[in-house]
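Here's the structure, in structure tokens; my notes come after.
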Amino acid sequence: MNAISWFMGTRRSLRRKLMPLLALLGLLGVLLLAWQPSASALTPRHYDELEFPPLRDIEIPAYERYELPNGMVVYLLEDHELPLVSGSATFRTGGRFEPADKVGLASLTGEAMRLGGTTDLDADALNQALEQRAASIETSIDTSEGSASFSALSEDTADVFALFADVVQRPAFAQDKIDLLKSQYSGSIARRNDDPDSITSREFRKLVYGADSPYARTIEYATLAAIDRQDIEQFYQASIRPEQTILGIVGDFDSAQMKQWIADYFGDWQGTGTALNTTLPTVEQARAGVFRVAQPQLTQSYIQLGHLGGQLNYPDHAALAVMNEVLNGFSGRLFNEVRSRQGLAYSVYAFWAPRYDYPGLFIGGGQTRSEATVPFIQSTMAEINRIRTTSISDQELAQAQDAVLNSFVFNFQSPDQTLARLIRYEYYDYPQDFVFQFQDQVRETTVAQIQAAAQAHLNPEQMVILVVGNPAEIQPGLDTLAPNTAVTPIDITIPQPEA
């Protein structure tokens, strides 16, 4: 049979196989053309005529919490909807506890735990074992906590959990992987001024917290060079210990069996050496005023303004969360005034951003064309001041309360989200019913409470105003914003490594 005959025969065979499907599709098309929707279905309705069911209550699934003799806390939450199991270990550590002359040590330790393999399995063997099971294990340490996580099919839970325990307790910290990470970090330092958004965020935090604060300092070539493998091992030993660990498992497992695996793989785990000193660093606002970073190549200005904020356990946290909704979003004051009415920016924001156990930020800003920089800042500041001095309307209050309450349920869409929040509350010593307390407080928030909270926590005198842009194109100049003080230039030159 020649190629043409083979092709024609194959095409006829394929046509015969497709004929029933084509006939069915044709029938469906006829039915769709014949169907005429009722006139009422095509009549548009105004948005305020739409009716929605009441918001469902947040429900915490049944879970179990217990402790091992070595001090490790365990949370178990069974969920048999899918044949999957995932888990996380949260460690009481963080970059805020690393030495000031070795910034980057915590982050390096967190990544090297997984990247370097274990004392029993090198990195390649560990990767292969996980790939064969479509599983994953990840580790990291950020500013205020460390974590290790795994995910696996139910049938592979025993094998993957054993690998997970191995990574947590016996990381090899292979020197070649440490060298690779340090090379990647060095590349990140070299590129850190490439993105104006990153410059704005980084330098704003330095101005508010102080350049030497653990919540704002950056990795430099010198601090990176000062870190060696021994430093990483010592930071690991001080940080990753059973008495400083909260283990959470969620998914398709049997609790009795899981308890046995936990006892087998973590029951004998003991910390070595001296535990990390987890005394929290003090936080005070470092500076206030108007600052600029000159970037002549830019055609627009990147702006952040604000000051030191607070914590989620502040008594008026709920009022400030409602205030955020009044200011922000498509129906918020900033969007309607600065963006829509005045046309000064495509995006604009200003919100209270608290943290769990240290002061967060009140932060606003956006991007605008160079010549609109000063009007944009003035208009944003005017709206911030207005919410301090003028009561919001009852309609604004109701809309903002609904927005907070409606969005909050999305933090509890799945059992793993719920478990993560329970662990977070324990880690930061919050009550387990904190979410329900917050909901009640939002519902009870009044117009007067929002204004009182804004007056107490939004401080125009403490404002840091930072502009990253082209000074020659910013007209009127930034000195318009600070007629009695000079605009302070910020040098973002990257200190070069020693030869």
*Using only heavy-atom distances, determine whether the side chains of S239 and Q244 contain a donor-acceptor pair under 3.5 Å.*
no
_Carboxylate-amine/guanidinium contact E111 K182, below 4.0 Å_ = no
*Ignoring hydrogens and angles, state whether a donor on the side chain of S144 or Y428 is under 3.5 Å from an acceptor on the partner side chain.*
yes
_Donor-acceptor pair between T90 and E145 side chains, under 3.5 angstrom_ = no
*Is a donor on one side and an acceptor on the other found under 3.5 Å between the side chain of T93 and the backbone of G146?*
no
*Under 6.0 Å from the six-membered ring centre of Y430 and within 45° of its axis: does the NZ or CZ of R424 meet both?*
no
_CD1-CD distance between I474 and E371, expressed to the nearest 0.5 angstrom_ = 10.0 Å
_Pair R292 + D479, salt bridge at N-O below 4.0 Å_ = no
*Main-chain N/O of A152 paired to D156 side chain as donor or acceptor, under 3.5 Å*: no
*So is R96 actually on top of Y215's ring, under 6.0 Å and inside 45° of the axis?*
no
_Can you give me the closest heavy-atom contact between Y185 and S107, atom names plus distance?_
OH-OG, 2.7 Å
*Does a sphere of radius 6.0 Å around CD in Q184 hold more than 12 heavy atoms from other residues, nucleotides or ligands, not counting ones at 6.0 Å or beyond?*
yes
*Does the pair R341 and E337 meet the rule for a salt bridge (charged side-chain N to carboxylate O under 4.0 Å, His left out), with working shown?*
CA-CA 5 Å; R341 196 184 75 79; E337 178 63 22; 2.7 Å; yes
*Check the side chains of N127 and R114 for a donor-acceptor pair under 3.5 angstrom, ignoring hydrogens and angles.*
yes
*Is the closest side-chain heavy-atom distance between V326 and R333 below 4.5 Å?*
yes
*Can N313 and Q311 be counted as having a side-chain donor-acceptor contact under 3.5 angstrom?*
yes
*Please indicate whether D101 has more than 12 foreign heavy atoms, meaning atoms of other residues, nucleotides or ligands, lying under 6.0 Å from its CG.*
yes
_S140 side chain to S147 side chain, donor-acceptor N/O pair below 3.5 angstrom_ = yes
*Between P359 and L308, which heavy-atom pair has the shortest distance, and what is it?*
CB-CG, 4.0 Å
*Would you say the side chains of Q300 and Y302 form a donor-acceptor pair under 3.5 Å?*
yes
*asked:* Nearest 0.5 Å, please: how far is OH in Y236 from OG1 in T109?
replied: 11.0 Å
*asked:* So for atom OH, which belongs to Y346, do other residues, nucleotides or ligands contribute more than 12 heavy atoms lying within a distance under 6.0 Å?
replied: no
*Do L108 and F235 pass the side chain to side chain contact (heavy atoms under 4.5 Å, CB included) test, and can you show the C-alpha distance, the side-chain angles, and the key distance before you say yes or no?*
CA-CA 10 Å; L108 269 173; F235 192 81; over 6 Å; no
*Give, for atom CD1 of I423 and atom CZ of R65, the distance between the pair rounded to the nearest 0.5 Å.*
10.5 Å
*asked:* Applying the ring pair (Phe, Tyr, Trp, His ring centres under 6.0 Å) criterion to H307, which one of W352, F362, Y209 satisfies it?
replied: F362
*L458 versus M323: any side-chain heavy-atom pair under 4.5 Å?*
yes
*Minimum heavy-atom separation for V447 to S393, with atom names?*
CG2-O, 4.4 Å
*Does the side chain to side chain contact (heavy atoms under 4.5 Å, CB included) test come out yes or no for L305 and I384, once each step is laid out?*
CA-CA 11 Å; L305 53 88; I384 293 171; 3.8 Å; yes
_Nearest heavy atoms of F253 and H80, plus distance in Å_ = O-CE1, 3.2 Å
*asked:* Tell me the closest heavy-atom pair linking A372 and L344, and the distance in Å.
replied: CB-CD2, 4.1 Å
_Spacing of R421 atom CZ and Q417 atom CD [to the nearest 0.5 Å]_ = 8.5 Å
*Intermediate values then yes/no, salt bridge (charged side-chain N to carboxylate O under 4.0 Å, His left out), R192 and E220*: CA-CA 11 Å; R192 74 183 182 196; E220 303 290 352; 3.0 Å; yes
*Are the side chain of E67 and the backbone N or O of M72 linked by a donor-acceptor pair below 3.5 Å?*
no
*Would you please say whether a donor-acceptor pair under 3.5 Å links the side chains of Q342 and S379?*
yes
*Trace of the side chain to side chain contact (heavy atoms under 4.5 Å, CB included) decision for L478 with F291*: CA-CA 9 Å; L478 295 178; F291 304 84; over 6 Å; no
*Going through the distances and angles, do T139 and V167 end up as a side chain to side chain contact (heavy atoms under 4.5 Å, CB included)?*
CA-CA 9 Å; T139 61; V167 168; 3.9 Å; yes
_Is a donor from one side chain sitting under 3.5 angstrom from an acceptor on the other, for Y349 and T380?_
no
*Report yes or no: do S88 and S149 form a side-chain donor-acceptor pair below 3.5 Å?*
no
_Distance (rounded to the nearest 0.5 Å) between Q449 CD and L320 CG_ = 10.5 Å
*So does E243 pair up with R92, basic N to acidic O under 4.0 Å?*
no
*Do other residues, nucleotides or ligands put more than 12 heavy atoms under 6.0 Å from Q297 CD?*
yes
*Mind checking whether I60 and T418 have side chains closer than 4.5 Å, heavy atoms only?*
yes
*What is the minimum heavy-atom distance between S370 and T373, and which atoms define it?*
O-OG1, 2.7 Å
_Set of residues satisfying side-chain hydrogen bond (donor to acceptor under 3.5 Å, both in side chains) with respect to D316, sequence neighbours excluded_ = H457
_Heavy atoms of other groups near D394 CG, more than 12 under 6.0 Å_ = no
*Between the side chains of E78 and Y63, does any donor sit under 3.5 Å from an acceptor?*
no
_With rounding to the nearest 0.5 angstrom, report the CD to CG distance, Q378 to N385._
13.0 Å
*Of all residues at least two apart in sequence or in a different chain, which pass the salt bridge (charged side-chain N to carboxylate O under 4.0 Å, His left out) check with E473?*
none
*Could you list all the salt bridge (charged side-chain N to carboxylate O under 4.0 Å, His left out) pairs where at least one residue sits in residues 442-454, not counting sequence neighbours?*
D440-R443
_Could you tell me if the side chain of V322 sits less than 4.5 Å from the side chain of L397, heavy atoms only?_
yes
*Hey, is the main chain of V103 close enough, under 3.5 Å, to the side chain of T223 for a donor-acceptor pair?*
yes
*How are the rings of F150 and F164 set to each other: parallel, tilted or perpendicular (split at 30° and 60°)?*
tilted
